[in-house]
Amino acid sequence: MSEFLNGLAAELDAIRAASLWKTEREIISPQSAHVALTTRPDVLNFCANNYLGLANHPALIAAARKALDSHGLGMASVRFICGTTDLHRALEQRIARYVAMDDALLFAACFDANGALFEPLFGEQDAIISDALNHASIIDGIRLSKAKRFRYANGDMAALEDTLKEARAGGARRIIIATDGVFSMDGYFAKLADIRALADRHDALIMVDDCHATGFIGPQGRGTPARAGVTVDILTGTFGKALSGSAGGYIAAAQPVIDLLRQRGRPYLFSNALPPAIVAAARAAIDLAEQGDDLRERLFANAARFRTGMVKAGFTLLPGEHPIIPVMLGEARLAQAMAAKLNELGVFVSGFFYPVVPQGQARIRTQMSAAHSAADIDTAIAAFTEAGRCHGVI
Ligand SMILES: *Cc1c(COP(=O)(O)O)cnc(C)c1O
């Protein structure tokens with residue numbers, strides 16, 4: 001035992017020594033543009049996935065309260081034994097309609113949705129082709145399948161076509177291309193129109209994880225396929241980001257896909273049903289998102305304002321239009337020092353560094369929200385400017 005614990009202590013020391021240690025600050029208010037921390041009553045929050053500002057929306061809280069009263073706290077069961085309520089089915093049908101699929105299946109988290117997806121649908125005779133920057137849950141989900149695995153460099157369509165040819169030449173029965181709709185460390189979009197064309201040419205399926213898109217990207221916030229004007233075969237997403245910020249994930253697809261996953265998806269079969277209050281709030285969130293052109297307008301106006309101001313101040317940003325806006329800093333130590341300074345100035349941001357992003361590409365990933373005011377954006381730019389001068393970044 002002590003040898004085991006001493007081994008862990010050495011590993012922990014190495015993480016600290018490499019400046020890769022992550023700490024958690026405790027929030028004592030609802031999640032919003034401004035939050036209260038145990039250490040400070042009001043900080044401006046630029047690191048939540050609260051894109052539409054719904055995490056503390058009165059309509060969602062009211063929907064959750066109503067479901068608490070009508071359906072109680074929790075189901076104490078997996079879905080197929082006695083954990084399915086009318087609310088669960090209503091949400092599955094609602095999300096499917098929103099993203100234009102036949103049906104959908106709920107999970108405790110999108111991490112579980114991606115973990116459930118591949119193993120029942122793709123076996124030894126099949127091939128899964130994955131973008132190198134896909135989310136950890138897609139990588140893990142693919143690992144659980146016996147299919148042959150291929151990987152292509154992020155967004156490299158020539159490399160994707162090479163792997164498609166290789167998989168076809170290898171005699172694969174089914175081939176699926178798996179990609180994030182938006183790559184969360186960079187805010188870059190998957191090239192779905194190109195991927196669709198390649199999939200058609202080589203008779204492959206497409207799976208898109210739209211966690212950083214559904215609710216605010218594309219017409220009515222229907223996600224990256226709608227933005228690109230293409231259809232995909234399987235879509236996964238979360239209720240932990242724009243669509244309420246609470247919890248839960250889903251797979252949306254054609255009926256036979258959903259039916260089979262309902263029978264065979266292990267994280268679905270062997271895990272408790274989502275609490276009814278969360279389910280009801282998620283459905284209210286889809287209603288608001290679908291009608292939410294005003295929220296999206298504010299979100300993208302905030303993103304444009306922040307980008308313009310930061311570039312003018314001399315910072316290096318990754319280009320794009322997504323409300324994920326990475327401020328590039330290089331070394332982990334600098335990203336951490338900048339984040340600490342910004343926190344001191346009352347702006348809550350987080351440094352991202354290896355292994356989450358490649359060595360030497362440490363950054364502060366800022367995320368805009370419809371809940372931010374223009375004044376909030378300007379306050380953040382001013383704080384970045386002060387911190388950047390303090391640390392010789394600008
Ligand atoms: C956040 C995220 C997930 C995980 O979603 P949860 O519902 O929080 O488990 C999966 N995939 C991508 C691309 C994500 O950004």
Side-chain angles (χ1 to χ4, degrees), residues 22 24 31 47-52 54-55 88 91-92 95 99 104-118 128 130-144 151 154-155 177-192 195 206-218 221 223-225 227 232 234-253 265-268 271-275 278-279 281-283 285-286 289 320 322-326 350 352 355-357 363 365-369:
K22 295 184 276 301
E24 297 178 8
Q31 183 65 283
C47 49
N49 299 308
N50 189 21
Y51 295 111
L52 294 177
L54 301 185
H88 290 88
L91 177 58
E92 286 174 339
I95 188 69
V99 299
L105 198 57
L106 299 178
F107 292 85
C110 188
F111 204 104
D112 288 327
N114 289 334
L117 178 57
F118 297 98
I128 304 172
S130 178
D131 188 288
L133 287 194
N134 277 345
H135 191 263
S137 55
I138 299 180
I139 296 168
D140 288 3
I142 293 171
R143 278 190 190 138
L144 294 171
R151 208 166 70 131
N154 178 233
I177 303 163
T179 182
D180 282 11
V182 174
F183 296 95
S184 59
M185 289 302 129
D186 300 329
Y188 290 166
F189 289 96
K191 298 166 185 161
L192 287 187
I195 292 173
I206 303 174
M207 171 271 182
V208 172
D209 174 343
D210 240 358
C211 280
H212 284 285
T214 312
F216 61 100
I217 296 294
T224 58
R227 174 183 179 269
V232 300
I234 300 173
L235 198 68
T236 67
T238 183
F239 297 109
K241 292 183 175 128
L243 296 179
S244 84
S246 58
Y250 58 87
I251 299 174
R266 291 166 66 84
Y268 183 82
S271 188
N272 196 30
L274 279 172
I278 297 293
V279 171
R283 186 148 60 102
I286 299 171
H322 195 278
I324 290 174
I325 306 179
S350 212
F352 284 75
V356 179
V357 296
R363 65 197 67 184
R365 182 183 72 172
T366 63
Q367 291 172 282
M368 304 300 122
S369 168

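Quick note: numbers below take in every heavy atom, side chains included, and nothing from hydrogens, waters or symmetry partners. Counting starts at 1 for both ligands and their atoms, in listed order. Since we're looking at a predicted model, the values are computed, not measured. Residue numbers run from 1 in the order of the sequence given.
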J.: Is the closest side-chain heavy-atom distance between Phe239 and Ile286 below 4.5 Å?
T.: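 Answer yes - side chains close enough.
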
J.: How far is atom 8 (O) of ligand 1 from its nearest protein heavy atom, and which residue and atom is that?
T.: Thr238 OG1, 4.1 Å

J.: Identify which of Gly115, Cys110, Gly237 has a heavy atom lying nearest to atom 6 (P) of ligand 1.
T.: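 It is Cys110 that holds the nearest heavy atom.
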
J.: Can you sort out which atoms of ligand 1 are near His212, meaning under 4.0 Å from one of its heavy atoms?
T.: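 Here the atoms of ligand 1 in question are 15 (O).
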
J.: Mind checking the CD1-CG spacing from Ile139 to Asn134? Nearest 0.5 Å is all I need.
T.: 6.5 Å

J.: To the nearest 0.5 angstrom, please state how far the CD1 atom of Ile142 sits from the CD1 atom of Ile128.
T.: 5.5 Å

J.: Heavy-atom contacts with Asp180 under 4.0 Å: which atoms of ligand 1 show up? List them by number with element.
T.: 13 (C)

J.: Closer than 4.0 angstrom, basic N to acidic O: yes or no for Arg363 and Asp186?
T.: yes

J.: Answer whether the closest heavy-atom distance between the side chains of Ile95 and Leu243 falls below 4.5 Å.
T.: yes

J.: Regarding Tyr250 and Glu92, do their side chains bring together a donor and an acceptor under 3.5 Å, going by distance alone?
T.: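 Judged by distance alone, the side chains do not pair up.
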
J.: Looking at Lys241, which atoms of ligand 1 are within less than 4.0 Å of one of its heavy atoms?
T.: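 So the answer, numbered in order with elements, is 1 (C), 2 (C), 3 (C), 14 (C), 15 (O).
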
J.: Record the part of Ser137 in heavy-atom contact with ligand 1 below 4.0 Å; permitted values are side chain, backbone, both and neither.
T.: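 The answer is the side chain.
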
J.: May I ask you to list the atoms of ligand 1 that are less than 4.0 angstrom from any heavy atom of Phe111?
T.: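 Selected atoms, number and element: 4 (C), 5 (O), 6 (P), 9 (O).
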
J.: Under 4.0 Å from a heavy atom of Asp209: which atoms of ligand 1 are those, numbered in the order shown and with their elements?
T.: 10 (C), 11 (N), 12 (C), 13 (C)

J.: Below 4.0 Å from ligand 1: does a non-hydrogen atom of Cys211 turn up there or not?
T.: yes

J.: What's the spacing between Thr236 OG1 and Ile251 CD1 if we round to 0.5 Å?
T.: 7.0 Å

